[in-house]
Every structure is written in C-alpha cells, then in structure tokens.
Amino acid sequence: MEIIERYVHEIGNRLPRRARADVEAELRSLLADAVEERARASGRPADDALTAEVLREFGAPREVAARYAGEPRCLIGPRLYPAYVLTLEIAAIAIAAVFVLLVVLRLTTLSGGGAASGIVAVFRAGGHALHGAIFNLGLLTLIFAIVERVQVRREETGRAWDPATLPPVNDPDRISVVNKIFSTYAIVLLVILFNFFPQWIGFWAWSDGRWSGLPVLLPSFSRHLPLLNLWWAAAFALDLGVLLQGRWRTATRWAELAVGALGIVVLLEIVLGPPVFLFDAAAKSVLAVPLLIAAIKTCLRLYRLLARPSGEASQR
Amino acid sequence: MVLGKTQSSARDGVSLELRRGALVLAVLTQLHGEEYGWSLRKLLVERGLEIDEGTLSPLLRRLESQGHLRSRWKVEDGRPRRYYRISPQGEALERELAAEWRALADVIERLIG
C-alpha cells in the first residue's frame, strides 16, 4: 500500500544506512500485519483511512526512528555544553566588537560618496565579520566536538569513580574549560596566520576605499617557522591533554614546564638571531618583554613543581 | 475523580515508566517459541500487557543486538516476517530478571502494606 511505503521510507531516511534496509523490511511486515488485524477486528476494509489510523497509533516517523536509533548521539554533550555556550558568547561579543571597529574605521576614513558609501562600508564590514564568525565559531565547535568524543571514549573505558580522587576545595590544579578552549583556539589561529598569511602581520590602514598594509615580517622569518610550529604543536597537545584529563596533574605540569622552556628557546633564537622584522631592533626589544615574562613564569613553575608534596592526589 | 490533562499526562507517564521496566522480562518470557512482532504483541495483550506497536519492534532488535534473542526471516502466506526466539544468553537473563522481579514485588507488597 502506497501510504505504508511512504511511512516506511520516511522512517528509513532517519536511520543509519547500514540498518535501513533491514528495519524497513521489518516495518513493512509489521504494518501489514497490524492493518490486516485491524481490518479483521473492525470488519472494515483495509483502505487508506484504516491504514492511516494504524500509522497514527504507531507514531510520527521521527519518533519511531528515534526508538530504532537507540541511545541519542550528540556533537557536544550536556557536560561540555555550558562551557561551549559561554565560549560562543565570548567569541560572538569579540566578533561584534570587531564589526563595530571595522564600521567605525571605514566610516571615519570615507572620502566622499555620502550615505550610499557609508551603507556599502557597513555591509562590507558586515561581510568580513560574518566570514570571521563562521570560521571562528566553526573552529571552536570542532575543538569542543573533539574533546567530547575523546572524553566519552575515556569514560567508557575508565575505572570506577573513587571518592579518594576528589580534589581539594581550593584546588590549584583545577582548570577553566573556557580558558583552555580559547588557548587551544588561539594556537590554531597563530599557526594559520604565521604559516599561511604572514603578510597580514603588520600595520594596516584604511584609506581611499581599501586597506593598505605594511607587513612587519621579513621573508627570512620563515626560518623560525619549524621551531615555532613545534612549540605551538606541543602547546596545543598539552592544552588538549589537560582538557581531556579535566585538571592539571604532575605529569602535565612537567610537560607545561617543558613547553615553556621550548618557548623560551624559540623566542631567544628569534631575538638573538639575524634580522627577521621590518624594524628589527624595535621589534626585538618588544619581544624581549614576553621572553622575560616566560622565563620568570618557567622558573616559578619549576619552583612550585619541586616544592610539590610527593604522592599527592594529582598523581592518581 | 476527573484529572486535568496535565495531571493525567503526568500519571500516565509514571505508569508507563513502571510498565516499561517490566517489558524486557515480559518479552523474554514469551519467546521460548518463535514469534514475530505482531504475534508477540497479540500474546502480550491477551495476557494483559498493552504495548505500543511502535515500541515492541525496536525493543526486539535491541535485545537481539545484545545477544538475548536470535531472529530469522521466514516467508508465510507470501509475506516475509522476522521471527524471534530467546537465546541461551537471553534465558539466563530471563532467570535473573524473574528472580529480581519476585524479590522486588515482595518488597513493594510490604511497602504498600
């Protein structure tokens, strides 16, 4: 009967491909039996009206498909969802701020053209903001989805929970998921920027209806990319590892120290090496500041690690 | 007492939860012989257990995927049907669930007084 075929097809469309044919065949048989039984019991013909009654009692295709599909699957589960929403809100605010800045810049540097030029400028700024929003929000969603998949797999194969593993109330090893996600996201942006768009790093101005830029990275900067990429890859892996474990542990603290030390080596190589920036002396003077801060932080981390009591809870 | 729609829906939901918990055991007890989806539903209804048409078939497939049932396709009266039967693993589960059910029923009877 045609209405049964349409119903079965609608359910099948909502099922995984590998189970579809089998479920559809079973449903056809079940529905044919149900219609036949209803017709016999009521003394009515097995027509479309009676069949529609039976289908109504079976339920809407999406409900029936959900029962066959089993456990609900989600891209980002309930535990990470609040952090995900907060991260998106922060990113959306940042993108909105960039949009406003772009609009103000374009409007204040317009040279004639009246209201029409202003409207075009606003739309162009909106277009850039939209591109940025799609890319950045998509990247954040991807990072959360990866963390969700790996965390779920770890919990399925993990040990039973033990109350002895509860951290202290004021836990210095507790992490902020949102901070860690943003850190991971910032590293990905840096990798993309320095490896694929190094010409964008510089001084930019809007005039005569277009952007004009003065890139600050000389072509010789590319000699530092292998070591920079290694440092960023290590930092990315560390951030993901800490995210998946849910808190800092002694091993990840030592890894943090190693990544920090690698960062110092990379920055030192850039600062002490041959010219790689447009205003090389000035740029390297500026770079010396984060280098000094990194060195101080690394020393502090080393001190805290060595002063850490042995056999603590974080070794679990 | 006439129940409002919300109260009636809530009560039906709680009643459904109570019956849903017993459904696996009820299905296993009726599959020592081969049955297909519709015939099994009829058996259960005749013995006093109403079950939605759209609930039984997914449940049978889930129990089969967990190894508690076996199935095969048979053509009867020109219509292919999937017949289910309990497996040895399903029989072991049935015994465990039946023992749990009896123990639970004892406890609930005492609580109800």
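Below, all heavy atoms of this structure are taken into account, side chains as well, without hydrogens, waters or symmetry copies.
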Visitor: Where do T55(B) and R67(A) come nearest, in terms of heavy atoms and distance?
Guide: N-NH1, 4.0 Å

Visitor: Kindly check if the number of other-residue, nucleotide or ligand heavy atoms within 6.0 Å of CZ (R17(A)) is above 12?
Guide: no

Visitor: State whether R41(B) and E37(A) are salt-bridged, where the test is any N-O pair (Lys NZ or Arg NE/NH1/NH2 against Asp/Glu carboxylate O) under 4.0 Å.
Guide: no

Visitor: Is it the case that more than 12 heavy atoms not belonging to W101(B) sit under 6.0 Å from its CH2 atom?
Guide: no

Visitor: What part of V23(A) is in contact with chain B, defined as an atom under 4.5 angstrom from a non-hydrogen atom: side chain, backbone, both or neither?
Guide: both

Visitor: Could you tell me if the side chain of R82(B) sits less than 4.5 Å from the side chain of D22(A), heavy atoms only?
Guide: yes

Visitor: In terms of heavy-atom contacts, does NE2 of H9(A) have more than 12 from other residues, nucleotides or ligands at under 6.0 Å?
Guide: no

Visitor: Using every non-hydrogen atom in the two residues, find where L30(A) and S57(B) come nearest and quote the distance to one decimal.
Guide: CD2-CB, 3.6 Å

Visitor: What is the minimum heavy-atom distance between R79(B) and S29(A), and which atoms define it?
Guide: CD-O, 4.3 Å

Visitor: Determine, for R61(B) against E26(A), whether the closest basic-nitrogen to carboxylate-oxygen distance falls under 4.0 angstrom.
Guide: yes

Visitor: Heavy-atom count check: over 12 atoms from other residues, nucleotides or ligands less than 6.0 Å from E46(B) CD?
Guide: yes

Visitor: Step through the shown structure and confirm whether more than 12 heavy atoms of other residues, nucleotides or ligands are within 6.0 Å of NZ on K74(B).
Guide: yes

